[in-house]
K.L.:
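Pasting in a structure now, in structure tokens, and then I'll have a few things to ask.
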Amino acid sequence: NGEIEKAMIFPDVIVSNGHEPNATTYNTLINGLCRRGEIEKAMNILDVMTSQGLEPDEITYNILIDGMCKNGEIEKAMGFLDAMVSNGHEPNIVTYNTLINRLCKQGEIDKALDFLDVMTSKGLQPDVVTYSTLLDGLCKKGEVEKATDLFDVMISKGLQPDVVTYSTIINWLCKNGEIQKAMDALDLMISKGLEPDVVTYSTLINGLCKTHDVEKAMNFLDVMSSQGHEPN
RNA sequence: GGAUCUGGAA
């Protein structure tokens, strides 16, 4: 609701009622501040949390790292990661996915792929989020060959593309003017039992509108509504 | 029956 100031009062209220806030309580607040880009305040809450004798957990760290990344402060995020490691907290798959996403968004795909190697060497298995993130980054950079290869790797590891993976591919096909293939991909995902969501449909509708096929776009509007996905 | 982190459209 954006009313973090009101929420901030609650740890005190909780304590005065005799219920100690736990890590989740603080994580929730820290996340709210990070989403507003108020990283400094979030770090202050981290201090409060620690001074209450609560150990930040991996979710706390991931929230802060993502906050810094989304705030464009990847250097800070990397530094924080180092500090975290030297305090004995190993990054998990979400941590890596977060950093990989930021690197992709900055167009630094090679660095992102380095992290893929790092996580693998640490025994962490990249998941469908990792691959979908990299696929999106590669497609947006026009590295279609590499994207295709990576998709094959993902499949060979037994990972199933999900609705986001398909939406990513559909988006790329649309942007590349391959609308028919995009619609084929939609059929394919449905045939695999996956349910397109509002983003999947919006992606296609956008592609169709950009190629002036408003008729088909309108059809998909009907289809999504009939599938119970309200247009947003 | 209830809470917190990462990927896709605009």
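Excluded from the calculations below are hydrogen atoms, water molecules and symmetry mates; all remaining heavy atoms, backbone and side chain alike, are included. Here the structure is a predicted model, which is why all the values come from computation and not from measurement. Numbered from 1 within each chain, the chains take letters A, B, ... in sequence-line order.
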K.L.:
Does the distance from a Lys or Arg side-chain N to an Asp or Glu carboxylate O, for A/Glu38 and A/Arg36, drop under 4.0 Å?
P.N.:
yes

K.L.:
Using a 4.0 Å heavy-atom cut-off, does A/Lys210 contact any base of the nucleic acid, only the sugar-phosphate backbone, or nothing at all?
P.N.:
nothing

K.L.:
With a non-hydrogen cut-off below 4.0 angstrom, is A/Asn92 in contact with a base, only sugar-phosphate, or nothing?
P.N.:
nothing

K.L.:
Going by the salt bridge (Lys or Arg N to Asp or Glu O under 4.0 Å) test, which pairs reach into residues 50-71 of chain A, not counting sequence neighbours?
P.N.:
A/Asp66-A/Lys70

K.L.:
Which two nucleotides bound the region of RNA chain B that has atoms under 4.0 Å from heavy atoms of chain A, read 5' to 3'?
P.N.:
B/rA3 to B/rA10

K.L.:
Enumerate the residue pairs fulfilling salt bridge (Lys or Arg N to Asp or Glu O under 4.0 Å) with a member in residues 92-115 of chain A, sequence neighbours excluded, ordered by first and then second residue.
P.N.:
A/Glu108-A/Lys111

K.L.:
Going by ring-ring contact (aromatic ring centres under 6.0 Å, His included), name the residues that satisfy it together with A/His89, two or more places apart in sequence or in a different chain.
P.N.:
A/Tyr61

K.L.:
Within the 4.0 Å heavy-atom criterion, would you say A/Asn232 contacts the bases, only the backbone, or no part of the nucleic acid?
P.N.:
base

K.L.:
So A/Thr200, base contact, sugar-phosphate only, or nothing? Heavy-atom distance under 4.0 Å.
P.N.:
base

K.L.:
Checking all strands, does A/Thr28 fall into the base, sugar-phosphate, or nothing category for heavy-atom contacts under 4.0 angstrom?
P.N.:
sugar-phosphate

K.L.:
Look at all strands and tell whether A/Asp197 reaches a base, only sugar-phosphate, or nothing, counting heavy atoms closer than 4.0 Å.
P.N.:
base

K.L.:
Can you list every salt bridge (Lys or Arg N to Asp or Glu O under 4.0 Å) pair that touches residues 202-216 of chain A, not counting sequence neighbours?
P.N.:
A/Asp213-A/Lys216

K.L.:
Reckon A/Thr168 touches a base, only the sugar-phosphate, or nothing at all at heavy-atom distances under 4.0 Å?
P.N.:
sugar-phosphate

K.L.:
So, using ring-ring contact (aromatic ring centres under 6.0 Å, His included) as the criterion, who are the partners of A/Tyr166 when residues are at least two apart?
P.N.:
none

K.L.:
Considering every strand and a 4.0 Å limit on heavy-atom distances, what is the contact class for A/Thr95: base, sugar-phosphate, or nothing?
P.N.:
nothing

